[in-house]
Asks: 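The following block contains the structure, expressed as structure tokens.
All values below come from the heavy atoms of this structure, side chains included, with hydrogens, waters and symmetry mates left out.
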Amino acid sequence: MSTANTNKLPEDSSNDLIPGSKTYKKVDPPDVQQLGANSWSLLHTVAASYPKKPSVTQKDEMKQFLNIFSHIYPCNWCAADFEKYIRENAPKVESREELGRWMCDAHNKVNVKLGKPKFNCDFWEQRWRSGWDD
């Protein structure tokens with residue numbers, strides 16, 4: 001039976017760490033694909049945690065958030081596309097269900113533009129809120 005510690009970092013891995021850190025690895029800034037995937041995760045999760053029956057203030061804040069997000073997003077052409085989508089398809093913020101489906105539709109518009117398959121929006125809540133039953 002081996003008693004070797006398999007949790008040790010390889011000795012040469014210290015070159016992969018930020019100088020002075022014992023845990024933080026050197027990682028390059030996200031490319032546009034990583035940024036997109038992480039941003040969609042955030043947006044879908046925000047929609048999934050939105051109230052079933054939001055107050056007027058919550059509705060206004062969600063509209064403001066999406067508008068601001070479309071202005072500050074660090075990919076210029078992505079931001080312009082999202083801003084245009086919002087202008088042509090006002091965010092539906094009357095309920096969690098409406099917002100979740102609106103977000104899914106927005107994401108699918110991008111998927112089509114990028115030649116990716118569409119996600120079936122009938123499953124948005126399982127994917128981003130409740131999880132799968134299997």
Asks: Test side-chain contact (heavy atoms from CB on, under 4.5 Å) on Val93 and Glu98; report intermediate values, then the result.
Replies: CA-CA 6 Å; Val93 297; Glu98 270 195 3; over 6 Å; no
Asks: Does any non-hydrogen side-chain atom of Lys92 lie less than 4.5 Å from one of Leu99?
Replies: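 Sidechains of Lys92 and Leu99: no contact.
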Asks: Using the test side-chain hydrogen bond (donor to acceptor under 3.5 Å, both in side chains), find all partners of Gln58 that sit at least two apart in sequence or belong to another chain.
Replies: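 By the side-chain hydrogen bond (donor to acceptor under 3.5 Å, both in side chains) rule, Gln58 matches Ser55.
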Asks: Tell me whether Ile72 shares a hydrophobic cluster with Tyr85, the cluster being built from Ile, Leu, Val, Met, Phe, Trp, Tyr side chains joined at under 4.5 Å.
Replies: no
Asks: If every non-hydrogen atom of Trp102 is compared with every non-hydrogen atom of Asn89, which pair is closest and at what distance?
Replies: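 Looking at all heavy atoms of both residues, the shortest contact is NE1-O, 2.9 Å.
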Asks: Are the side chain of Tyr24 and the backbone of Pro19 linked by a donor-acceptor contact shorter than 3.5 Å?
Replies: no
Asks: Check for me whether the distance between the ring centres of Trp77 and Phe82 falls short of 6.0 Å.
Replies: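 Aromatic pair excluded; centres sit 6.0 Å or further apart.
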Asks: Apply side-chain contact (heavy atoms from CB on, under 4.5 Å) to Met103 and Trp40, showing your working.
Replies: CA-CA 9 Å; Met103 196 68 70; Trp40 281 116; 4.0 Å; yes
Asks: Minimum heavy-atom separation for Trp124 and Cys104, please, with both atom names.
Replies: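 Minimum heavy-atom separation between Trp124 and Cys104: CB-CB, 4.4 Å.
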Asks: Check whether Ser21 reaches the backbone of Leu17 with its side chain - one donor and one acceptor, N or O, closer than 3.5 Å.
Replies: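 Flag not set: sc Ser21 to bb Leu17 has no pair under 3.5 Å.
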Asks: For the CG atom of Asn76 and the CD atom of Glu83, what is their distance to the nearest 0.5 Å?
Replies: 11.0 Å
Asks: Compare every heavy atom of Ser95 with every heavy atom of Pro54, then report the nearest pair and how far apart it is.
Replies: CD-CA, 3.9 Å
Asks: Please report the closest heavy-atom contact between Ala48 and Trp128, naming both atoms and the distance.
Replies: CB-O, 3.2 Å
Asks: Roughly how far, to the nearest 0.5 Å, is CG of Asp28 from CD of Gln34?
Replies: 8.5 Å
Asks: Centre-to-centre under 6.0 Å for Phe119 and Phe123, is that the case here?
Replies: no
Asks: Any chance you could lay out the side-chain contact (heavy atoms from CB on, under 4.5 Å) test for Ser39 and Phe69, step after step, and finish with the verdict?
Replies: CA-CA 10 Å; Ser39 297; Phe69 187 86; 4.0 Å; yes
Asks: Which atom names give the shortest non-hydrogen contact between Asn15 and Lys26, and what distance separates them?
Replies: O-NZ, 3.2 Å
Asks: Enter the distance from Glu88:CD to Lys109:NZ here, rounded to the nearest 0.5 Å.
Replies: 6.5 Å
Asks: To the nearest 0.5 Å, how far apart are CG in Leu66 and NE2 in His71?
Replies: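 Those atoms lie 10.5 Å apart.
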Asks: Under a 4.0 Å N-O cut-off, is there an ion pair linking Lys113 with Asp81?
Replies: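 Counted as a salt bridge, because a side-chain N and a carboxylate O are separated by less than 4.0 Å.
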Asks: How far does CH2 of Trp132 sit from CZ of Arg127, to the nearest 0.5 angstrom?
Replies: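 Reported to 0.5 Å precision, the distance equals 8.0 Å.
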Asks: Which heavy-atom pair separates Pro91 from Ile86 by the least distance, and what is that distance?
Replies: CD-CG2, 3.8 Å
Asks: Is the shortest side-chain heavy-atom distance between Asn67 and Lys63 below 4.5 Å?
Replies: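 In short, these two side chains do not touch, never coming nearer than 4.5 Å.
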Asks: Does anything in residues 16-76 pair up under disulfide (SG to SG under 2.5 Å), and if so which pairs, sequence neighbours excluded?
Replies: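 As it turns out, the disulfide (SG to SG under 2.5 Å) pairs with a partner in residues 16-76, which skip direct neighbours, are Cys75-Cys78.
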Asks: Which distance, rounded to the nearest 0.5 Å, do you find between the NE2 of His107 and the NE2 of His44?
Replies: 5.0 Å
Asks: Looking at Lys59, I want to see if its NZ is surrounded by more than 12 non-hydrogen atoms of other residues, nucleotides or ligands under 6.0 Å.
Replies: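 Yes - once you tally the heavy atoms of other residues, nucleotides and ligands closer than 6.0 Å, there are more than 12.
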Asks: Taking Phe65 as the starting point, is it possible to reach Leu35 by hopping between hydrophobic residues whose side chains are less than 4.5 Å apart?
Replies: yes
Asks: Arg96 and Arg129: side-chain contact (heavy atoms from CB on, under 4.5 Å), yes or no, with the steps?
Replies: CA-CA 11 Å; Arg96 178 188 305 149; Arg129 182 170 175 81; 3.0 Å; yes
